[in-house]
Number of protein chains: 2
Amino acid sequence: MNIWRHSVGRESLYRTSVSKLERGPDCAICPVRDHSLCLGLEPHELPRIAEKTTVLHGGAGEILFFEGDRAQHFFTLREGVIRLVRAFPDGRRSIVGFLHGGDFLGGSFGAGDYPVTAEAVTRIEYCRIAVGDLKELTNEFPALDQRLLTMSANRMQAAQDHIVLLSRKTAVEKVAAFLCASREWAGGADEFELPMSRTDIADYLGLTIETVSRVLTKLVESRAIGLRDARHITIKDYRELKVVAQPEAMSLDC
Amino acid sequence: MNIWRHSVGRESLYRTSVSKLERGPDCAICPVRDHSLCLGLEPHELPRIAEKTTVLHGGAGEILFFEGDRAQHFFTLREGVIRLVRAFPDGRRSIVGFLHGGDFLGGSFGAGDYPVTAEAVTRIEYCRIAVGDLKELTNEFPALDQRLLTMSANRMQAAQDHIVLLSRKTAVEKVAAFLCASREWAGGADEFELPMSRTDIADYLGLTIETVSRVLTKLVESRAIGLRDARHITIKDYRELKVVAQPEAMSLDC
DNA sequence: CGTTGTCTTGAGCTGATTCAAGCTCTGTGG
DNA sequence: CCACAGAGCTTGAATCAGCTCAAGACAACG
């Protein structure tokens with residue numbers, strides 16, 4: 001890392017700054033202990049994984065790895081938001097997913113390259129472990145494999161939801177679904193802050209920033225949501241929003 | 001299984017026939033032995049998994065499980081093609097992926113429901129094992145977990161490719177990408193048969209059948225492909241097709 | 001207090017959809 | 001053997017959801 005690279009996308013140049021390095025993690029006070037990889041471990045096993053793990057943090061915009069880089073590390077996000085990006089040479093960009101506290105990254109198990117670029121949306125804190133070390137640990141603690149499988153299955157399901165959204169939902173449905181998801185990500189309260197820009201939202205939903213903006217004002221006019229400013233959302237009619245967001249949610253009557 | 005259920009989609013009624021049941025598999029002659037789950041096992045370990053496994057086969061249109069069914073089984077596809085479907089009550093439909101020989105299904109690890117419906121596109125042959133039994137076996141053979149993780153990672157990458165395709169590619173790019181993928185699926189030869197209908201293709205690419213049809217005739221006119229009939233494709237200019245299909249494939253110059 | 005980046009809004013355009021025929025197989029029954 | 005029905009596919013014409021282009025609003029910042 002710590003390189004300059006020409007972007008093929010909207011931004012003209014990326015810069016990856018050196019992440020500030022800390023000592024091994026103090027797992028006892030880990031904010032994501034019970035919904036991350038480490039849920040698979042007993043408390044007394046944590047030191048074994050901690051000694052192979054480094055805690056890092058980085059600022060918004062920082063790049064953890066580029067698409068195509070050799071996948072040498074496995075990461076657990078402790079704090080903040082990360083976007084997974086694929087960019088086209090002609091400027092088109094697709095955000096394949098957003099990651100939040102507890103989510104893992106990397107871990108293209110078996111040899112391989114990262115299939116996406118990982119960028120910090122906000123200030124982030126994360127754990128890093130070499131894939132070789134993780135593999136050793138999974139031999140020692142089989143519960144880790146189970147946990148990895150469960151988390152992979154959850155991510156797969158999220159990806160499938162995303163596919164359905166992109167292939168068959170209208171702009172309003174997409175934005176409504178995004179707002180419902182953001183509400184969950186933010187903890188479930190009806191007022192929250194969006195960590196990402198309109199550009200990120202558009203590239204996640206397969207729309208333009210103009211369309212995202214227009215749909216949001218339409219939702220404000222229909223009193224489904226409120227906008228204190230561009231980043232501060234208030235959900236005013238969650239039920240309605242959810243109905244719009246999930247036309248596929250049929251009340252199964254059998 | 002073996003039930004009638006109203007479809008919420010284009011077809012008015014689904015029928016799930018009883019799959020013909022065979023004895024346990026003869027893994028020695030398994031057509032997908034070396035690119036399925038069982039790649040993780042030594043030859044002498046195969047009988048242990050075989051004794052818990054049932055081989056089944058079913059006809060085109062047969063449904064292995066419905067979205068929302070309790071995920072009690074794990075499947076390995078030996079022969080044929082399966083589509084993973086999500087349907088909306090209003091008739092919209094999305095195909096989240098196609099599966100081919102060696103691919104696995106189900107296995108929502110940890111308790112859970114199937115997030116999609118699995119339907120046979122062609123006549124199929126597949127292995128079925130209860131998730132509980134599989135879990136026991138993974139304790140016995142840790143290599144199975146590794147293999148599952150690797151396969152999950154590959155599927156995740158395919159899902160991400162699909163997301164990029166749906167969110168940022170044009171109709172021509174989508175169809176071109178689909179044809180390139182079909183070529184691989186069919187073994188890599190320039191002449192092959194499409195196992196699925198235009199409706200399936202459209203629901204996979206997030207287009208209408210009319211658009212798929214129009215794009216195909218356009219590709220015929222531009223001499224990139226030939227169409228003996230609707231299902232028989234000849235790739236005439238693979239290079240060109242690949243370039244159209246992957247506008248994201250930049251020749252990394254650094 | 002100008003500059004810069006982000007977001008909103010408007011007007012016109014367009015790629016893909018919708019609607020509506022018509023065509024081409026395949027199988028079935030007379 | 002041909003007529004006929006039905007499903008699946010293609011083609012054309014009109015429409016529209018979302019895009020492009022362009023301008024302006026607003027906040028943050030040096």
Side-chain angles (χ1 to χ4, degrees), chain A residues 7 9-14 60-61 88 90-94 121-122 165-176 178-179 193-221 225-233 244 247, chain B residues 7 9-13 60-61 88 90-94 121-122 165-176 178 193-221 225-233 244 247:
Chain A
S7 164
R10 240 154 269 195
E11 294 86 352
S12 60
L13 211 54
Y14 282 125
F88 293 22
D90 62 10
R92 282 179 279 181
R93 201 180 74 139
S94 177
V121 174
T122 62
L165 176 144
L166 289 169
S167 69
R168 290 302 183 210
K169 289 189 183 175
T170 65
V172 198
E173 289 165 355
K174 285 175 175 180
V175 173
F178 179 77
L179 290 172
E193 186 179 346
L194 288 178
M196 67 288 285
S197 67
R198 294 287 186 271
T199 304
D200 282 348
I201 299 173
D203 288 339
Y204 181 75
L205 298 177
L207 299 171
T208 59
I209 53 170
E210 293 96 328
T211 301
V212 172
S213 186
R214 274 187 259 271
V215 170
L216 282 171
T217 63
K218 200 170 138 191
L219 288 173
V220 170
E221 283 163 6
I225 64 168
L227 271 180
R228 265 210 300 117
D229 64 68
R231 300 285 185 109
H232 287 88
I233 307 282
V244 174
Chain B
S7 163
R10 238 153 272 194
E11 294 87 353
S12 60
L13 210 55
F88 293 23
D90 63 9
R92 281 179 279 180
R93 202 179 74 139
S94 177
V121 174
T122 62
L165 176 144
L166 289 170
S167 69
R168 290 300 182 211
K169 289 188 184 176
T170 65
V172 199
E173 289 165 355
K174 285 176 174 180
V175 173
F178 179 77
E193 186 179 347
L194 288 178
M196 67 288 284
S197 67
R198 294 289 186 268
T199 303
D200 283 347
I201 299 173
D203 288 340
Y204 180 76
L205 298 178
L207 299 171
T208 59
I209 52 170
E210 292 96 329
T211 301
V212 171
S213 186
R214 274 186 259 270
V215 170
L216 283 172
T217 62
K218 201 169 136 191
L219 288 173
V220 170
E221 283 162 7
I225 64 167
L227 270 181
R228 265 213 298 118
D229 62 68
R231 300 283 184 112
H232 288 87
I233 307 282
V244 174

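Protein atom CD1 of B/I209 is 14 Å distant from nucleotide atom P of D/dA7, rounded to whole Å. One can place CG of B/D203 at 12 Å from P of D/dC9, the figure rounded to the nearest angstrom. At whole-Å resolution of the value, CG in B/L165 and P in C/dA16 are 12 Å apart. B/R92 places its CZ atom 13 Å from the C1' atom of C/dT17, with the value rounded to the nearest Å. A straight line from NZ of B/K174 to C1' of C/dG15 spans 11 Å, rounded to a whole angstrom. Between the C1' atom of C/dC25 and the CZ atom of B/R228 lies a distance of 14 Å, rounded to the nearest Å. Taking atom CG of B/L219 as the reference point, atom P of D/dT10 lies 12 Å away to the nearest angstrom. Residue B/D200 contributes atom CG, which lies 10 Å from atom P of D/dG8 at whole-angstrom precision.
Counting non-hydrogen atoms under 4.0 angstrom, B/S213 reaches a base of the nucleic acid.
Taken to the nearest 0.5 Å, the CZ atom of B/R214 stands 10.0 Å off from the CD1 atom of B/I209. Note that the CZ atom of B/R93 and the OG1 atom of B/T199 stand 7.0 Å from one another [nearest 0.5 Å]. Once rounded to the nearest 0.5 Å, the distance linking CG of A/L179 with CG of A/L194 reads 7.0 Å.
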- With B for base contact, S for sugar-phosphate-only contact and - for none (protein heavy atoms under 4.0 Å), nucleotides 13-30 of chain D reads B----SSBB---------
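Here B/R228 does not pair with B/E193 in a salt bridge; the nearest charged N to carboxylate O distance is not below 4.0 Å.
Listed for the B/R198 side chain is a donor-acceptor partner under 3.5 Å among the backbone atoms of B/A230.
Scanning both residues, A/D229 and A/H232, for their nearest heavy atoms gives OD2-ND1, 2.9 Å.
Closest to the side chain of B/T217, from the set D/dT11, D/dT10, C/dT9, is D/dT11.
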